[in-house]
Protein chains: 2
Amino acid sequence: MIVSHGKEGPVTEQSLATMADVAARAGVSSATVSRVINGNYPVSAATRQRVEQAIAELGYVANAHARALAGVTNRTVGIIINDLVDPFYAYIARGVEREATAHGRLCMVCCTKGSHEQELALIDLLHEQRADAVILVGGAYEDRSYAAQVARRARALHASGSTLVLCGRPSLGEDVPTRTVEYDNEGGAFAITDYLITQGHRRIVFLGGPPNLSTTIARLAGHRRALRFRDLPHDKGLIHTGQLSRRFGYERMKALLAERADFTAVFCANDTVAAGAMQALELAGVPVPEAISVVGYDDVPIAQELRPQLTTVRIPLEEMGRQAVRLGLDVGEDNDYLSPVQTVAVVGTNIVVRASVAPAR
Amino acid sequence: MIVSHGKEGPVTEQSLATMADVAARAGVSSATVSRVINGNYPVSAATRQRVEQAIAELGYVANAHARALAGVTNRTVGIIINDLVDPFYAYIARGVEREATAHGRLCMVCCTKGSHEQELALIDLLHEQRADAVILVGGAYEDRSYAAQVARRARALHASGSTLVLCGRPSLGEDVPTRTVEYDNEGGAFAITDYLITQGHRRIVFLGGPPNLSTTIARLAGHRRALRFRDLPHDKGLIHTGQLSRRFGYERMKALLAERADFTAVFCANDTVAAGAMQALELAGVPVPEAISVVGYDDVPIAQELRPQLTTVRIPLEEMGRQAVRLGLDVGEDNDYLSPVQTVAVVGTNIVVRASVAPAR
DNA sequence: CTTCTGATAGTAAGCGCATTCTATACATCG
DNA sequence: CGATGTATAGAATGCGCTTACTATCAGAAG
């Protein structure tokens with residue numbers, strides 16, 4: 001004979017207790033439970049006590065979805081980056097995660113592996129999740145229709161009370177509701193090129209970076225301005241854009257060495273490229289910086305691991321991530337007085353002089 | 001005179017279109033819209049067409065919370081790590097993110113900065129989000145009450161249909177409903193210590209790692225077993241546990257050098273510690289590996305940047321992350337036939353021989 | 001011509017919570 | 001002692017979606 005026990009006994013509970021369960025156990029209404037949890041309404045000490053005990057006994061865990069649906073924001077921010085392992089993105093992501101946590105938000109991290117479609121799809125996904133802010137990190141490729149797609153999503157996000165924050169990529173225009181965190185690519189490139197020039201270098205190779213990536217374009221522009229500033233010729237043969245990978249730095253430098261190209265310094269589009277270039281130089285027995293000086297950009301940890309240590313341009317990556325969250329959440333420090341909403345933050349860059357540059361021969 | 005325009009005109013829409021709006025515009029019921037979106041019920045071509053157009057015109061974006069509340073899982077996995085920037089965690093996180101994406105899940109990444117309370121709080125938060133799986137990464141400290149707290153959360157998660165996956169940390173016991181991804185800490189440590197011994201080293205320093213961290217304990221155990229295996233004495237004075245930081249490696253090695261300690265090789269608890277130790281050796285003018293051999297653990301990228309390149313134990317970190325997701329989502333390959341649910345995955349480790357070890361003097 | 005069947009579409013009932021409005025029990029005061 | 005106020009608790013509604021259940025209509029079958 002099979003006896004139905006109903007709800008008695010320690011059955012393996014398949015689903016978790018709800019607020020109603022807690023209410024029943026505490027002998028109150030679910031409204032009271034809600035009030036105890038949120039503490040935004042007076043509840044007598046005795047009642048609170050009973051409710052809290054019921055919560056503990058039942059192991060009650062609130063349902064964030066129900067809460068979000070009932071009107072309270074879900075308290076998450078989303079961040080879209082290229083690759084979690086790349087220190088450039090990792091540091092920004094860390095800043096985002098920390099600042100988000102500081103504001104009681106959870107952080108959803110998504111990676112695109114460089115795919116545009118994936119990026120757009122992820123914005124939509126984060127929108128569906130009703131993230132308080134969506135942070136898009138990294139340089140963008142020049143592409144009209146793609147920019148339009150992003151703009152459309154920025155508006156959709158805006159319409160539902162969220163914000164798209166562009167971090168390290170150019171704004172989409174005045175009429176698109178986004179916030180932007182910028183760092184001075186052009187200025188940093190100018191400064192470090194000028195540094196090389198004042199060390200006597202005249203023939204400087206520019207190495208790496210996709211030619212249609214906004215980041216490359218800005219760094220190259222700063223580089224050229226410095227050359228112009230010092231009245232140096234602008235030799236197109238010295239510009240070797242390509243990729244931002246270590247492999248590219250290695251291969252191209254190897255090729256340059258093989259063809260006995262004429263240069264005394266290399267400005268790498270980022271530190272990773274510099275690492276590859278220095279490896280090629282090391283293998284070829286070319287001493288750095290005695291024969292060739294090398295500089296990078298970003299100041300990620302590898303810059304300090306290289307021998308000689310790399311002179312490079314420092315970007316406050318983690319701070320960029322934090323700023324992005326502040327902008328997206330509208331919680332900038334100077335938000336107290338009724339200033340117009342801050343929509344752009346610019347973080348500064350500066351040269352870090354280490355050991356990879358020497359005066360030109 | 002103020003005229004109320006009601007809903008006419010292109011007002012800045014404060015909230016996004018809902019399914020009902022789409023339904024109204026397409027002249028159908030919201031149920032039909034749902035069916036078009038989910039494609040799990042027959043809808044005539046003409047109707048589908050109209051609905052899709054309405055969706056496009058309104059820029060409709062589904063509300064993931066409402067969907068989740070209505071019974072469908074929210075399709076997210078959560079991962080809790082120590083620090084996003086640390087390559088050890090970053091690689092695992094990448095594996096998790098990629099595998100999650102491959103299964104149509106969004107990935108929520110949270111960092112603890114090593115805090116237990118934060119870790120527990122994050123499990124709860126992820127539970128509230130109704131994540132399909134929660135992945136806890138990294139070694140755990142021996143702590144009875146803490147383990148009990150985690151166990152309680154594992155049960156709660158289980159009760160609501162989710163899964164806690166322990167990644168690189170010991171199981172909580174048979175009766176706690178968790179899944180585990182392990183890698184062979186003890187075996188790797190044994191292997192690399194034995195490698196040092198076969199190179200003639202007798203006095204090997206063990207450097208770094210919190211003494212009560214499960215990872216340290218296992219690596220130290222493997223180290224000791226190798227010594228026993230080769231009948232070498234076990235000198236407690238050579239064990240220098242501490243932290244897993246570069247700074248610790250540097251400082252302690254500096255101290256050992258200053259007190260002229262007697263050893264010919266160093267087994268660092270991880271590659272980061274090794275980097276610090278090698279820096280101290282470099283500064284002291286002690287040639288590696290000629291005078292002192294150094295090995296690490298993890299095989300993160302820094303191992304290849306060091307000069308000489310570091311001999312170390314490779315862990316397939318990204319694969320661990322992927323396995324964790326498969327375990328958590330119950331989608332292992334061999335899930336086709338009715339095998340018992342897989343609860344433990346073990347990934348292998350292997351020695352990577354590079355240039356930081358030479359035969360003992 | 002009636003009955004049955006299959007393909008579509010609509011109706012409505014929640015999912016679990018926050019919150020507005022309402023109700024009760026006292027304490028306070030004129 | 002009745003009128004008013006105050007603290008506390010409950011009832012009920014709705015957030016936007018999924019999904020049983022129900023309804024309709026055409027054509028096939030009898």
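Fair warning: this is a prediction, and the values are worked out from it, not measured in the lab. First the proteins, then the strands, lettered A, B, ... as listed; each starts at 1.
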Is the backbone N or O of Ala20(B) less than 3.5 Å from a side-chain atom of Thr18(B), with the two atoms forming a donor-acceptor pair by type?
-> yes

With the sugar-phosphate defined as primed atoms, P, OP1 and OP2, and the base as all remaining atoms, what B/S/- string results for nucleotides 5-10 of chain D, 5' to 3', for protein heavy atoms under 4.0 Å?
-> ---BBB

Mind checking Ala68(B) for me? I need base, sugar-phosphate or nothing, with any heavy atom below 4.0 Å counting as a touch.
-> nothing

side-chain contact (heavy atoms from CB on, under 4.5 Å) filter on Asn82(B), not counting sequence neighbours, yields Tyr89(B), Thr112(B)

Sorted by first residue and then second, give each salt bridge (Lys or Arg N to Asp or Glu O under 4.0 Å) pair with at least one member in residues 119-134 of chain B; sequence neighbours left out.
-> Arg105(B)-Asp132(B), Glu119(B)-Arg169(B), Asp124(B)-Arg153(B)

Donor-acceptor side-chain pairing of Thr101(A) and Glu97(A) below 3.5 angstrom = yes

Apply side-chain contact (heavy atoms from CB on, under 4.5 Å) to Ala90(B) and list each qualifying residue two or more places apart in sequence or on a separate chain.
-> Val85(A)

Any side-chain N or O of Asn38(A) under 4.0 Å from OP1/OP2 of dC17(C)?
-> no

Arg130(A) has an atom CZ; how far is it from atom C1' of dC15(D), in whole Å?
-> 11 Å

Counting only side-chain N and O atoms of Ser34(B), is one of them less than 4.0 Å from OP1 or OP2 of dC17(D)?
-> no

Given axes from five pairs at either end, by how many degrees does the helix from dC1(C)-dG30(D) to dG30(C)-dC1(D) bend, rounded to 10°?
-> 60°

Let me know the distance between CD1 of Ile37(B) and P of dT19(D), rounded to the nearest Å.
-> 12 Å

In terms of side-chain heavy atoms, does His127(A) have a donor or acceptor partner in Ser160(A) at a distance below 3.5 Å?
-> yes

Side chains of residues 46-55 of chain A: which donor-acceptor pairs under 3.5 Å do they make with residues two or more places apart or in other chains?
| residue | atom | partner | partner atom | Å |
| --- | --- | --- | --- | --- |
| Thr47(A) | OG1 | Ser44(A) | OG | 2.7 |
| Arg50(A) | NH1 | Ala26(A) | O | 2.7 |
| Gln53(A) | NE2 | Glu57(A) | OE2 | 2.8 |

For the pair made of CG in Asn63(B) and C1' in dG16(C), what is the distance, rounded to whole Å?
-> 14 Å

First of Arg48(B) and Met19(A) reached from the 5' end of DNA chain C, by closest nucleotide = Arg48(B)

Looking at Leu327(A), Val96(A), Ile92(A), which hits side-chain contact (heavy atoms from CB on, under 4.5 Å) with Cys167(A)?
-> Ile92(A)

